A.B. asks: 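Quick one: the structure is below, and I'll ask about it shortly.
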Amino acid sequence: MALAPLMQLGGLVSLLVIAGFSDAQSPPSSVSANMPPLVAGTASSDPYQIVAPASFVAPAGLVPVDSQVYHSADPYALAPAPTLGTATSPPAAGQNVQGATGLFSGPLFQGGPIYNTVGHFDPLIPELRNRIESRLSFRAEYLLWDVTGMDTPPLVTTSPNGTGQGSAAVLGQPGTSVAFGGDSVNDGSVSGFLLGGGWWITPQRNVAIEMEYFQLDELDDGYNGSSDGAVILGRPYVDVSQGVETAELIAYPGLVGGDIRVGSETDLRSFLIDARVSLCPAHGVCCQNCGLRNRTDWIIGYRNIRLRDSLAINENRRSLVVGQDRTIASSDQFQTTNQFHGLQLGIVRRRLLQRAWLETSMRVAIGNIEQTLRVSGSTTINDQGSSATYGGGLLAQTTNGGTRSRDEFGMIPELGIRLGFRLTDRLHAHIGYTVLYLPNVIRASEQIDRDIHPGLIPPGAGAVSGVLRPAVAWDQSDYLAHGLQLGGELNF
């Protein structure tokens with residue numbers, strides 16, 4: 001696993017600890033066993049605690065204390081709830097209302113630059129605190145996901161010593177083996193990070209604006225091969241003029257020596273901005289039936305996802321024939337970008353389980369996938385001191401070279417689950433699992449056409465007739481990214 005996301009997450013956690021966290025919660029008081037927990041007068045630090053209107057009149061069984069009504073049966077309270085019918089007084093300044101001891105009862109976790117009201121620490125920015133009113137949240141996560149690779153045709157082959165020149169490195173011939181390619185590359189586990197935040201617009205927390213960004217580390221795969229001719233190396237392709245498998249020799253005893261480098265890269269990132277709207281109103285029959293402490297929200301917004309791949313092949317060959325001073329350097333490059341823009345819809349359900357909570361989400365993005373394909377190649381031949389450069393390599397020719405784009409409809413589903421634990425009033429830790437599916441994407445290595453007209457290979461054969469290949473493939477496949485996420489959530 002890459003260390004960079006771990007270091008980034010560690011830095012974020014350090015900043016959160018230095019900043020400190022929340023005000024203490026309101027203390028429990030006596031309630032009727034048949035009444036849902038309510039708080040009147042001031043907002044709770046719990047972002048999912050419904051706040052009763054200021055005009056709320058305490059019914060029988062709820063005992064007001066100092067003009068405030070405190071709720072009991074708090075699922076987050078560590079101290080035992082008071083006996084029903086017994087009134088309790090508000091906590092003294094600096095008292096830990098949850099009854100926690102040790103580190104969590106000190107000013108480090110009960111206050112901070114904005115919310116610090118413990119002991120002799122006054123709020124640093126009281127005006128900002130009054131505006132925030134416990135409605136701002138931020139989360140950071142470390143991602144460990146597994147992703148789908150891209151299929152790659154055989155790109156480098158080798159044959160045992162003694163193989164004839166005509167069948168050396170040719171696929172299908174006895175002894176020929178694939179040194180690189182012929183399977184999937186840039187797949188497996190990859191690290192990443194996610195940053196998100198939200199702002200509840202209304203005091204009742206029924207409408208919010210959220211942003212989310214995640215990025216996976218760059219995956220890469222490759223091959224380096226070099227030979228002075230003792231080890232046979234070649235690049236296989238199909239000669240469309242003859243309809244047979246053949247190979248361009250990179251190294252062969254007494255004929256040619258050289259090296260070849262193949263490199264591939266893949267990266268994924270996503271950006272989301274949305275509105276989060278409560279499925280049930282903040283106060284009313286619906287939420288009374290659903291339960292005040294659990295909530296279900298609709299998601300609607302804008303989603304941008306980018307999946308980018310690249311594959312490059314570079315080779316250098318030199319003649320081993322006595323008296324023939326000739327070198328050839330060529331390159332083939334394939335790049336693909338899948339850029340999604342569209343509408344994000346979804347539903348999020350969070351259920352509180354004492355000090356823990358369980359959140360499930362189902363989201364789908366509907367919109368346009370802009371597919372961009374870039375293919376380029378070049379060859380430089382130095383023969384007896386005279387140098388010439390040509391457009392095209394081996395797999396990238398004038399017939400498939402250039403930049404092309406097209407649009408495809410895309411529907412991208414995403415499922416997620418997170419289990420969180422409330423460490424303090426405002427700091428939560430959580431672990432989760434996410435599945436993201438991207439259909440109809442193009443991958444760099446899957447755009448390679450191995451059918452080649454040899455007359456197009458530099459320096460070329462002048463006029464070329466017959467089938468002109470390689471061609472633009474536009475082959476599509478599906479991309480799946482899924483895995484664990486570990487992080488924290490801070491509610492200001």
Side-chain angles (χ1 to χ4, degrees), residues 154-171 173 176 179-181 222-242 244-263 311-334 374-402 448-470:
L155 298 177
V156 183
T157 51
T158 183
S159 296
N161 291 335
T163 304
Q165 181 178 340
S167 58
V170 176
L171 289 174
Q173 294 297 320
T176 298
F180 183 80
Y223 171 83
N224 290 323
S226 178
S227 174
D228 59 359
V231 177
I232 298 175
L233 293 175
R235 298 179 61 185
Y237 67 93
V238 177
D239 182 348
V240 295
S241 65
Q242 303 294 326
V244 296
E245 283 277 357
T246 186
E248 175 191 81
L249 292 176
I250 300 172
Y252 188 83
L255 179 66
V256 63
D259 60 78
I260 181 170
R261 299 181 305 278
V262 184
L311 185 141
I313 307 172
N314 296 279
E315 64 170 90
N316 295 281
R317 292 175 286 158
R318 61 188 181 278
S319 174
L320 299 179
V321 178
V322 178
Q324 187 181 90
D325 184 16
R326 190 183 195 195
T327 61
I328 301 176
S330 67
S331 67
D332 297 317
Q333 294 186 354
F334 294 82
R374 299 177 180 87
V375 180
S376 62
S378 66
T379 300
T380 300
I381 301 176
N382 192 316
D383 193 356
Q384 306 295 332
S386 177
S387 180
T389 300
Y390 304 87
L394 176 65
L395 300 173
Q397 300 290 350
T398 56
T399 53
N400 65 338
I448 295 176
D449 183 7
R450 291 182 57 249
D451 295 342
I452 300 172
H453 196 298
L456 296 174
I457 301 175
V464 178
S465 60
V467 180
L468 299 182
R469 300 285 291 269

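These numbers come from a predicted model, not from an experiment. Residue numbers start at 1 and run along the sequence shown.
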A.B. asks: With side-chain contact (heavy atoms from CB on, under 4.5 Å) as the test, would you mind laying out the steps for D449 and L395 before giving the verdict?
C.D. replies: CA-CA 7 Å; D449 183 7; L395 300 173; over 6 Å; no

A.B. asks: Taking Q173 for its side chain and A169 for its backbone only, find out whether a donor-acceptor pair lies under 3.5 Å.
C.D. replies: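 Absent.
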
A.B. asks: How far does CD1 of I232 sit from CG of N161, to the nearest 0.5 angstrom?
C.D. replies: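 So the gap between those two atoms works out to 6.0 Å.
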
A.B. asks: Kindly compute the distance separating CZ (F180) from CG (N224), expressed to the nearest 0.5 Å.
C.D. replies: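 F180 CZ to N224 CG: 10.0 Å, rounded to 0.5 Å.
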
A.B. asks: Sequence neighbours left out, what passes salt bridge (Lys or Arg N to Asp or Glu O under 4.0 Å) with R374? Give chain and number order.
C.D. replies: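 In terms of salt bridge (Lys or Arg N to Asp or Glu O under 4.0 Å), with neighbours along the sequence ignored, R374 is linked to no residue.
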
A.B. asks: Determine, stepwise, if the pair I457 / I452 fulfils side-chain contact (heavy atoms from CB on, under 4.5 Å).
C.D. replies: CA-CA 8 Å; I457 301 175; I452 300 172; 4.1 Å; yes

A.B. asks: Show which side-chain atoms of residues 245-258 pair as donor or acceptor with protein atoms under 3.5 Å away, not counting sequence neighbours.
C.D. replies:
| residue | atom | partner | partner atom | Å |
| --- | --- | --- | --- | --- |
| E245 | OE1 | R450 | NH2 | 2.9 |
| E245 | OE2 | R450 | NH1 | 3.4 |
| E245 | OE2 | R450 | NH2 | 3.2 |
| Y252 | OH | T163 | O | 2.7 |
| Y252 | OH | Q165 | N | 3.1 |

A.B. asks: What pairs with D451 under salt bridge (Lys or Arg N to Asp or Glu O under 4.0 Å), at least two apart in sequence or on another chain?
C.D. replies: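 R469.
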
A.B. asks: Evaluate the side-chain proximity of T158 to T176: yes if any heavy-atom separation is below 4.5 Å, no if none is.
C.D. replies: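 In short, these two side chains do not touch, never coming nearer than 4.5 Å.
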
A.B. asks: Tell me if a side-chain donor or acceptor on T379 pairs with a main-chain N or O of P458 at a distance below 3.5 Å.
C.D. replies: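 No, the answer is negative, given that no donor and acceptor are paired below the 3.5 Å cut-off.
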
A.B. asks: Per the side-chain hydrogen bond (donor to acceptor under 3.5 Å, both in side chains) rule, what does the pair list look like for residues 325-334, sequence neighbours excluded?
C.D. replies: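 Those involving residues 325-334 are R235-D332, S331-S378.
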
A.B. asks: Of all residues at least two apart in sequence or in a different chain, which pass the side-chain hydrogen bond (donor to acceptor under 3.5 Å, both in side chains) check with N314?
C.D. replies: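 If we apply the side-chain hydrogen bond (donor to acceptor under 3.5 Å, both in side chains) test to N314, skipping adjacent residues, there are no hits.
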
A.B. asks: Do you know the tightest heavy-atom contact between P154 and P236?
C.D. replies: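 Taking P154 first and P236 second, the nearest heavy atoms are O-CG, 3.6 Å.
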
A.B. asks: Can you find a pair of side-chain heavy atoms, one from V238 and one from L171, that are under 4.5 Å apart?
C.D. replies: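 V238 does not reach L171 side chain to side chain.
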
A.B. asks: Quick one: CG on L233 to CG on D259, what's the gap to the nearest 0.5 Å?
C.D. replies: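 Result: 9.5 Å between the selected atoms.
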
A.B. asks: For the residue pair V375 and A396, what are the closest heavy atoms and their distance?
C.D. replies: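 Where V375 meets A396 most closely, the heavy atoms are CG1-CB, 3.6 Å.
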
A.B. asks: Can a donor-acceptor pair be found, under 3.5 Å and without considering hydrogens, that links the side chain of N316 to the backbone of R318?
C.D. replies: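 No, N316 side chain to R318 backbone: no donor-acceptor pair under 3.5 Å.
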
A.B. asks: Let me see the working for F334 and N400 under side-chain contact (heavy atoms from CB on, under 4.5 Å), right down to the final yes or no.
C.D. replies: CA-CA 10 Å; F334 294 82; N400 65 338; 4.2 Å; yes

A.B. asks: Atom OG of S319 and atom CD of Q324: how far apart are they, to the nearest 0.5 Å?
C.D. replies: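 One finds 3.5 Å between OG of S319 and CD of Q324.
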
A.B. asks: I need the R317 CZ to I328 CD1 distance, nearest 0.5 Å.
C.D. replies: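 R317 CZ to I328 CD1: 4.0 Å, rounded to 0.5 Å.
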
A.B. asks: Nearest 0.5 Å, please: how far is CD1 in I448 from CG in L311?
C.D. replies: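 L311 CG to I448 CD1: 5.0 Å, rounded to 0.5 Å.
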
A.B. asks: Cut-off 3.5 Å, no hydrogens considered: what does the side-chain donor-acceptor table look like for residues 381-391, sequence neighbours left out?
C.D. replies:
| residue | atom | partner | partner atom | Å |
| --- | --- | --- | --- | --- |
| N382 | OD1 | G385 | N | 3.4 |
| T389 | OG1 | T380 | OG1 | 3.2 |

A.B. asks: Which pair of heavy atoms, one from A230 and one from S227, lies closest together, and at what distance?
C.D. replies: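 It is N-OG, 3.5 Å.
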
